[in-house]
Amino acid sequence: MMDRDAREERRRVQAEGARRLTESGVLDDLFDKIDAGEVELGGSDGLIQQLIKTGLERGLQAELSDHLGYEKGDAEAVLHPNSRNGSYAKTVASQAGDIELAVPRDRDGSFTPRLVPVGSRRLGGLDDMIVSLYAGGMTLRDIEHHLVTTIGTEISYETISKIVDEISEEVLTWQRRPLEAFYPVIYLDAIVVKIRDGGHVRNKAAHIAVGVDMDGVKHVLGIWIQATEGAKFWASVCAELANRGIKDVLIVCCDGLTGFPEAIEATWPDSLVQTCVVHLIRTSMRFVNWGQRKAVAAALKPIYQAADAEAAKAALEAFAASPLGTTNPHTVAAFENAWERFTPFLGFPPAVRRVIYTTNSIESLNYQLRKVTKNRGHFPNDAAVVKLLWLAICNIEDKRARERARERGKPASERKAPPKLIEGQITTNWKQALAQLAIAFPDRINPYL
């Protein structure tokens, strides 16, 4: 993931500096002119552009002075072999629009500016803006139009595409990074995206794995694209995760896909595979008459809320013998067929049940990702999907972190910012669940503590 901690620290330092400057009263005259309409903040030649221009030109002059070995106007300048030689005009694109700079130069042409490198036509902040817009779901054409209409900067489609492609190497490194040897819980699920394949646009499955480490911190372990979601491909995903360092997993939560548990156990034979109860209920309700759905849903609760597997079996038999059960044999068959993979969570206390009975931990992530992918008709290739999903996860986390930072210090009852979506999420439920899992499986967990 992106280095969010470093960016948050930079934002904090900048905010503190701005606060001190404001409180000093140095900016009071400027604020008065802004309020009176004498000074414009944005737009061409606005205050923001002029501040950026002044700051960059001052920095370039400082770089040249360091290169030459003397300050401008120094009486001993004639003693130095090299000297200043005027400047040349250069236009750079920035987050505030196009900025005209006077770049200084030296007599023998040996000065190479670092602040605005030779050949560079964009400031770094603009690249970050483009990547952020892309992560938010905007297409390259949308970004091109957005930059022209908002800040008046024209950047070609090809240039924007190159800027976005520059993160591909970072995504590849993230996708291949080594993983921890043991995860107490891993969630596996997939979402459907449209991808161009040859001359056709086809639905493909983006497979996503989320692991919870020994500290209760959730991590996206990887994203893989395949034509369809199948047990065979999930087996290859598990094998890749094992090759990246995962030696053992205590519990793997997944949906009711045929052959899925066997695919998982082929890589981690000692793992406990838990079928998502929510998926199972949906499957069992598939052929229930619409008028009976509420009654059937209520009648199923004693089964998956039972104290143990024996009580659940008795509740299922009671439902099967009831009028609702005899009318809906498919519902009974769905639970019977999945019984071996449905019942493991019933052997755990409530804190553990809450975190393993369903794949909702990854479903909430999928919901956020679908909001990003739905803005696009389709993706040009598989790599574009992985790149956007990775960026979207980073973008969502950054946005939520800013909202939480604004509410820091308020009473818990007044905080409305959403919690961490995936990276770094630690909840009270997970702390309790991991403590209880350590008691239930000491031989499996203690070696990794």
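Basis for what follows: all heavy atoms, side chains included, without hydrogens, waters or symmetry-related copies. One-based numbering along the sequence shown.
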Enquirer: Is there a side-chain contact between His207 and Glu229 in this structure, where contact means two heavy atoms from C-beta onward sitting under 4.5 Å apart?
Expert: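 A side-chain contact exists here, since the closest heavy-atom pair is under 4.5 Å.
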Enquirer: Sequence neighbours left out, what pairs pass ring pair (Phe, Tyr, Trp, His ring centres under 6.0 Å) with at least one residue falling in residues 248-282?
Expert: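 For residues 248-282: Trp234-Phe260.
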Enquirer: Quick check for you: to the nearest 0.5 Å, what is the distance between Lys387 atom NZ and Asn381 atom CG?
Expert: 7.5 Å
Enquirer: Looking at residues at least two apart in the chain, or sitting in another chain, which of them share a side-chain hydrogen bond (donor to acceptor under 3.5 Å, both in side chains) with Asn243?
Expert: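 Asn243 satisfies side-chain hydrogen bond (donor to acceptor under 3.5 Å, both in side chains) with no other residue.
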Enquirer: Check each of Ile186, Leu437, Val273 against Ile251 using the side chain to side chain contact (heavy atoms under 4.5 Å, CB included) test, and report the only one that passes.
Expert: Leu437
Enquirer: Once rounded to the nearest 0.5 Å, what's the spacing between atom CD1 of Ile439 and atom CG of Leu434?
Expert: 11.5 Å
Enquirer: Hey, can you pull the donor-acceptor pairs under 3.5 Å for the side chains in residues 187-199, sequence neighbours left out?
Expert:
residue, atom, partner, partner atom, Å
Tyr187, OH, Val355, O, 2.4
Asp189, OD2, Asn366, ND2, 3.3
Lys194, NZ, Asn203, OD1, 3.1

Enquirer: Calculate, to the nearest 0.5 Å, the distance between atoms SG and CZ belonging to Cys276 and Arg282 respectively.
Expert: 7.0 Å
Enquirer: Identify each donor-acceptor pair in which a side-chain atom of residues 302-320 lies under 3.5 Å from a protein atom, sequence neighbours left out, and give them as a table.
Expert:
residue, atom, partner, partner atom, Å
Asp308, OD1, Glu310, N, 3.2
Asp308, OD1, Ala311, N, 2.8

Enquirer: Do the side chains of Tyr183 and Leu221 get nearer than 4.5 Å, heavy atoms only?
Expert: yes
Enquirer: Of all heavy-atom pairs between Leu389 and Ala206, which one has the smallest distance, and what is that distance?
Expert: CD1-CB, 4.0 Å
Enquirer: Walk me through whether Ile246 and Val249 qualify under side-chain contact (heavy atoms from CB on, under 4.5 Å).
Expert: CA-CA 8 Å; Ile246 302 180; Val249 180; 3.7 Å; yes
Enquirer: Heavy atoms only: give me the nearest Ala263-Ala231 pair and the separation to one decimal.
Expert: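 In this case the closest contact between Ala263 and Ala231 is CB-O, 3.4 Å.
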Enquirer: What do you reckon, is NE2 of His330 surrounded by more than 12 foreign heavy atoms closer than 6.0 Å?
Expert: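 Yes.
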Enquirer: Around atom CD of Glu262, are there more than 12 heavy atoms of other residues, nucleotides or ligands at under 6.0 Å?
Expert: yes
Enquirer: Could you tell me whether the side chain of Leu250 reaches within less than 4.5 Å of the side chain of Ser271, counting heavy atoms only?
Expert: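 With C-beta onward as the side chain, the pair stays apart.
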Enquirer: side-chain hydrogen bond (donor to acceptor under 3.5 Å, both in side chains) with Thr358: which residues, sequence neighbours excluded?
Expert: Asn360
Enquirer: Taking all heavy atoms of Ala351 and all of Ala433, pick out the closest pair and write down the distance.
Expert: O-CB, 3.7 Å
Enquirer: Among Asn328, Thr327, Thr331, which residue satisfies the side chain to side chain donor-acceptor pair (under 3.5 Å) criterion with Gln292?
Expert: Asn328
Enquirer: What do the steps show when you test Leu365 against Leu369 for side-chain contact (heavy atoms from CB on, under 4.5 Å), and what is the final call?
Expert: CA-CA 6 Å; Leu365 170 65; Leu369 297 181; 4.0 Å; yes
Enquirer: Only counting residues at least two apart or in another chain, list the ones meeting salt bridge (charged side-chain N to carboxylate O under 4.0 Å, His left out) with Arg141.
Expert: Glu144
Enquirer: Do Arg176 side-chain atoms and Val171 backbone N/O form a donor-acceptor pair below 3.5 Å?
Expert: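 No; zero donor-acceptor contacts below 3.5 Å.
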Enquirer: To the closest 0.5 Å, what do you measure between CD1 (Ile264) and SG (Cys254)?
Expert: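 The CD1 atom of Ile264 sits 4.0 Å away from the SG atom of Cys254.
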Enquirer: Do Phe348 and Gln436 have side-chain heavy atoms sitting under 4.5 Å apart?
Expert: no
Enquirer: Can you name the nearest heavy-atom pair linking Val332 to Gly325, along with the distance?
Expert: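 Where Val332 meets Gly325 most closely, the heavy atoms are CG2-O, 4.1 Å.
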Enquirer: Return the minimal non-hydrogen interatomic distance between Gln274 and Phe345, and the atom names on each side.
Expert: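 Shortest heavy-atom separation between Gln274 and Phe345 comes out as OE1-N, 2.8 Å.
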Enquirer: Should Leu179 and His219 be marked as a side-chain contact (heavy atoms from CB on, under 4.5 Å) after you check the CA-CA gap, both sets of side-chain angles, and the distance that decides it?
Expert: CA-CA 10 Å; Leu179 301 173; His219 304 274; over 6 Å; no
Enquirer: Between Glu240 and Trp224, does the side-chain contact (heavy atoms from CB on, under 4.5 Å) criterion hold? Intermediate values first, please.
Expert: CA-CA 11 Å; Glu240 180 181 326; Trp224 301 265; 2.9 Å; yes
Enquirer: If you compare all heavy atoms of Ala235 against all heavy atoms of Thr267, which two are closest, and at what distance to 0.1 Å?
Expert: O-OG1, 4.1 Å
Enquirer: When rounded to the nearest 0.5 angstrom, what is the spacing between OG1 in Thr343 and CZ in Phe335?
Expert: 11.5 Å
Enquirer: Any donor and acceptor pair, going by atom type alone, linking the side chain of Arg341 with main-chain N or O of Ala338 inside 3.5 Å?
Expert: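 A pair under 3.5 Å: no.
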Enquirer: May I ask you to say whether Arg444 pairs ionically with Asp270, meaning some side-chain N is under 4.0 Å from a carboxylate O?
Expert: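 Here Arg444 does not pair with Asp270 in a salt bridge, since their nearest N and O are not under 4.0 Å apart.
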Enquirer: What's the spacing between Gln175 CD and Glu170 CD if we round to 0.5 Å?
Expert: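 Interatomic distance, Gln175 CD to Glu170 CD, rounded to 0.5 Å: 13.0 Å.
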Enquirer: Using side-chain heavy atoms (C-beta onward) and a distance below 4.5 Å, is Arg293 in contact with Met285?
Expert: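 Yes. Closest side-chain heavy atoms under 4.5 Å.
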